[in-house]
Amino acid sequence: MTSFATHHVAVRDTRLAVHTAGSGLPLLLLHGFPLDHGMWARQEPLAERVRLIVPDQRGFGGSTGPGPESMEQLADDAVALLDAVHIATPAVVCGLSMGGYVAQHVAARHPDRVAALVLVDTRLEADTPEVRAGRVDLAAKVGRLGQSLVAEAMIPRLLATSAEAKAAPDRAAIEAELQRMIVSQPVETIQAALAAIGGRPDMTEAVQQLRVPALLVVGAEDALTPPACMEKAEQLIPDARLLVVPRAGHMTPLEAPGVFNAALLEFLKLVTA
Ligand code: MLT
């Protein structure tokens, strides 16, 4: 199996850790909150077919510096990162949840850099005032009590909760991976990201202008961005197809990697045809 090489590259006003593997069509994988590149470990086999570029977004994982200020900033980072790793041709941009917010902004702000879009367990809408207030509250609590509070609050909501999903053989390993990733993110990054996510704009108008194919994937048991979010996106994005994955929650690429990877490869045939 191909294995990732890790680089640290100067990107705008920061340094990003980026994990790359494979060759051919570039596929950028943007992680969710409050995670890092590690959430894409089960996508490594895709490197047999494409060139994977898997960053830790600013402040997360092995990337240094303060956390994000906005989804627009993270989108511009992503494109500067493609430049830094010498990718001039349009890339397939795939993001989960927060990564999906960023991917939407990459497509809106840098359409010439995007060959196709893959939105996973995410939504188009901005936060409601209640959700935003919840993020402010969580940021204050993390400051007082540390990252383990976020892990405790989020992990049960990140994964599918049906008896069948809970009985999956790798369930305990996935929970342990999420725990390790969440508690290793700096408190300041978590707080900055909560504010940046809470301040993101509504993208329902912008995505109607997309001119590239889009694959939408959501876990049937996603409690944070339920299938209805992606069903709405399917109606609004001009060239979109939706896959609802059984027995998966908000972490479809981790919980159902076989189904996810196969769907992605099938979709990529459209891009390379
Ligand atoms: C994520 O998984 O990135 C977060 O659930 C995003 C969010 O809180 O909106």
So [Y] and [X], do their side chains get closer than 4.5 Å, heavy atoms only?
| X | Y | result |
| --- | --- | --- |
| P238 | R211 | yes |
| L149 | L138 | yes |
| E72 | R109 | yes |
| L264 | L27 | yes |

Calculate, to the nearest 0.5 Å, the distance between atoms [atom1] and [atom2] belonging to [X] and [Y] respectively.
| X | Y | atom1 | atom2 | result |
| --- | --- | --- | --- | --- |
| E44 | L29 | CD | CG | 11.0 Å |
| Q235 | E231 | CD | CD | 7.5 Å |
| L25 | T89 | CG | OG1 | 7.5 Å |
| F4 | Q43 | CZ | CD | 8.5 Å |
| E177 | Q179 | CD | CD | 12.0 Å |
| L81 | L28 | CG | CG | 6.5 Å |

Has [X] got a side-chain atom pairing as donor or acceptor with [Y]'s backbone, closer than 3.5 angstrom?
| X | Y | answer |
| --- | --- | --- |
| D222 | T225 | yes |
| R42 | W40 | no |
| Q147 | I182 | no |
| Q104 | M203 | no |
| T6 | H19 | no |
| E255 | G249 | yes |
| D56 | H37 | yes |
| T14 | T64 | yes |

Looking only at the side chains, is there a donor atom on one of D36 and Q185 sitting less than 3.5 Å from an acceptor on the other?
yes

Is D239 salt-bridged to R241, cutoff N-O under 4.0 Å?
yes

Should K269 and E266 count as an ion pair when the cut-off is N to O under 4.0 Å?
yes

Knowing that exactly one of R200, R58, E69 qualifies, which makes a side chain to side chain contact (heavy atoms under 4.5 Å, CB included) with L74?
R58

Sorted by chain and number, sequence neighbours left out, ring pair (Phe, Tyr, Trp, His ring centres under 6.0 Å) with H31 holds for F60

Where do L159 and L178 land on the side chain to side chain contact (heavy atoms under 4.5 Å, CB included) test, with the steps shown first?
CA-CA 10 Å; L159 300 175; L178 289 171; 3.8 Å; yes

Contact summary for [X] and [Y], nearest pair of heavy atoms:
| X | Y | answer |
| --- | --- | --- |
| G95 | A103 | N-CB, 4.2 Å |
| A220 | P246 | CB-CA, 4.0 Å |
| P201 | H105 | CG-CE1, 3.6 Å |
| P226 | V218 | C-CG2, 4.2 Å |
| P68 | A196 | O-CB, 3.9 Å |
| R12 | A80 | CG-CB, 3.7 Å |

Mind checking whether [X] and [Y] sit in one hydrophobic cluster, side chains of I, L, V, M, F, W, Y counted as touching below 4.5 Å?
| X | Y | value |
| --- | --- | --- |
| V150 | V136 | no |
| V183 | M98 | no |
| V131 | M230 | no |
| V142 | L145 | yes |
| V93 | L265 | yes |

Would one find more than 12 heavy atoms of other residues, nucleotides or ligands at under 6.0 Å from atom CD of E205?
no

Step by step, would you call F260 with L243 a side chain to side chain contact (heavy atoms under 4.5 Å, CB included)?
CA-CA 9 Å; F260 179 83; L243 175 69; over 6 Å; no

Sequence neighbours excluded and cut-off under 3.5 Å, please list the side-chain donor-acceptor pairs for residues 113-124, or say none.
{"unit_1": "R113", "atom_1": "NH1", "unit_2": "D83", "atom_2": "OD1", "d": "3.0"}
{"unit_1": "R113", "atom_1": "NH2", "unit_2": "D83", "atom_2": "OD1", "d": "2.9"}
{"unit_1": "R113", "atom_1": "NH2", "unit_2": "I87", "atom_2": "O", "d": "2.9"}
{"unit_1": "D121", "atom_1": "OD1", "unit_2": "G219", "atom_2": "N", "d": "2.9"}
{"unit_1": "D121", "atom_1": "OD1", "unit_2": "T252", "atom_2": "OG1", "d": "3.3"}
{"unit_1": "D121", "atom_1": "OD2", "unit_2": "T252", "atom_2": "N", "d": "3.3"}
{"unit_1": "D121", "atom_1": "OD2", "unit_2": "T252", "atom_2": "OG1", "d": "2.7"}
{"unit_1": "T122", "atom_1": "OG1", "unit_2": "S97", "atom_2": "O", "d": "2.9"}
{"unit_1": "R123", "atom_1": "NH2", "unit_2": "L224", "atom_2": "O", "d": "2.8"}

Where at least one partner belongs to residues 172-222, residue pairs that pass ring pair (Phe, Tyr, Trp, His ring centres under 6.0 Å), sequence neighbours excluded:
none

Q57 and V102: CA distance, side-chain angles, deciding distance, side chain to side chain contact (heavy atoms under 4.5 Å, CB included) verdict
CA-CA 10 Å; Q57 301 186 79; V102 177; 3.7 Å; yes

R49 vs L268, side chain to side chain contact (heavy atoms under 4.5 Å, CB included): CA-CA, chis, key distance, verdict
CA-CA 10 Å; R49 306 278 288 279; L268 293 183; over 6 Å; no

